[in-house]
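One-based numbering, in listed order, for ligands and for the atoms of each. All values below were derived from every heavy atom in this structure, side-chain atoms included, with hydrogens, water molecules and symmetry-related copies excluded.
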Amino acid sequence: MKILVANLGSTSFKYRLFDMTDERVLARGGVERIGAAASTCFVEVGGQRDEQTIAAPDHAAAVRWCLRQLTDKHCLRSPGELAAIGFKAVHAQGLTGVQRVDEAVLTAMEAYADVAPAHNPPYVAAMRLLARELPEIPLVAAFETGFHETIDRANRWYAVPRPWIEQHGIQRWGFHGASHRYIGERTAALLAKPDAKVISCHLGGSSSVCAIAGGRSRANSLGMSPQSGLPHNNRVGDFDIFALPALMRATGKGLNDILDDLATRSGLLGLSGFNDLRDIEAAAAQGNAAARDALAVFVASVRHYLGAYLLLLGGADAIVFTGGIGENSSAIRAAVCAGLDWFGIHLDGPKNAAAKGEMRIDAPASRVQLWTMPTNEEVIVARQCRELLHRASEPASGRAEQGA
Ligand code: ADP
């Protein structure tokens, strides 16, 4: 079974093609600058990259070009050999888990366009177009919220009037599910401990910390929306909504403008003026006070959740750093782990400084293993697609289950 896992941007389409007999990546590629006069379509097979300049006015044209490249390269006999295109979808009203994309799923995602403004609108637009233009290929949405269905009420509920929760779904949904699921499974395998207690720190353009025990999510720092929890590159993170009326009076802005500020001009960008952690670290090293503040706020927030999850899990077997920042910033890892000797957490300075890829970075005295680990959200989505397709081919199958 061959499954293409897609990553959509508003003007880009990237994919990995999996052969699910052994979960091998047959090819990776995509199209950049969709909608521009000339787009670039690239494919990498066996380490060799080929590029073509094409005309791709929309995502459907981009996908068709990619499928053509894949058949030319003999990765697919024909586009019909593709069992599904899987998407790491973010949020939908009243839906989670793994779902075959149909009008009901698209409508549910559209209903949360304002809850996940950076994610849902480009996904819905591209998925709707692909569903119309490539009806022969099943589309599957694996929602990031699915992994977090195992979180109990104590860690899921806000203290709000119960009908808000029970009738309107206002609760901490949690996101980054595919990444945290992968980190939980991979760490348990590395430790040869299926019931391992793992704290997964996915730190990147968007960031979250997750408490995992026995492969199940017990809490996630992201709440009702992907704007919550830790500060993100340009999204705010946790914020007291009773600041809103004061802000509206002070600035004269309307609610939508302030929400837009919180979703696009806040987070690390809002504090420092830089969007990218590399720039923030470089500016901080040159004495830029705003950059230093941004780093301090970010680290304090990671430590806030780390502390909470150490209590929640009753300690941890491993703390894992993943995502662009988690894998690459030794300074952030060192700051997060500083002074935690009391908890049996000791980082090894030289190992941390040299870490690359999947590596242990704890000192011999550490009771808690510390790791850097590249995540693999795509293989999780591919597995979820395969499971959905298998279930759908069984005689008495109904709508996809909610907790995959
Ligand atoms: P996304 O959440 O958008 O998938 P990534 O996980 O790729 O993003 O993370 C992007 C972030 O990782 C950016 O803020 C970038 O600055 C940061 N990053 C990437 N490489 C490094 C590095 N070498 N040092 C520090 N930060 C890095």
- Message: Going by a strict under-4.0 Å cutoff (protein heavy atoms only), does atom 14 (O) of ligand 1 have a neighbour on the protein?
- Response: yes

- Message: Tell me the protein heavy atom at minimum distance from atom 17 (C) of ligand 1, and give that distance in Å.
- Response: I325 CG1, 3.6 Å

- Item | Heavy atom of the protein closest to atom 16 (O) of ligand 1 (residue, atom name, distance) | D276 OD1, 2.3 Å

- Query: Atoms of ligand 1 less than 4.0 Å from S206 heavy atoms?
  - Reply: 2 (O)

- For E185 and I380, the nearest pair of non-hydrogen atoms, with its separation, is OE1-CD1, 4.0 Å

- Message: Can a side-chain donor-acceptor contact be found between S207 and H202 if the only test is distance below 3.5 angstrom?
- Response: no

- Note on the structure: On a heavy-atom basis, the closest approach of V198 and I183 is CG1-CG2, 4.5 Å

- Around atom 24 (N) of ligand 1, find the nearest protein heavy atom and jot down its residue, atom name and distance. R278 CG, 3.5 Å

- Query: When only distance counts, is G324 in polar contact with ligand 1, meaning an N/O pair under 3.5 Å?
  - Reply: yes

- Message: Quick check on the 6.0 Å ring-centre criterion: do F143 and H91 meet it?
- Response: no

- Out of N328, L203, N233, the nearest non-hydrogen contact to atom 20 (N) of ligand 1 is supplied by N328

- Between K88 and E378, is there a side-chain N and carboxylate O pair less than 4.0 Å apart? no

- Query: Is the shortest N/O to N/O distance between G205 and ligand 1 below 3.5 Å?
  - Reply: yes

- Message: For E327, state whether at least one heavy atom is located under 4.0 Å from any atom of ligand 1.
- Response: no

- Message: Ignoring hydrogens, what is the shortest heavy-atom contact between N352 and R333? Give both atom names and the distance.
- Response: OD1-NE, 2.6 Å

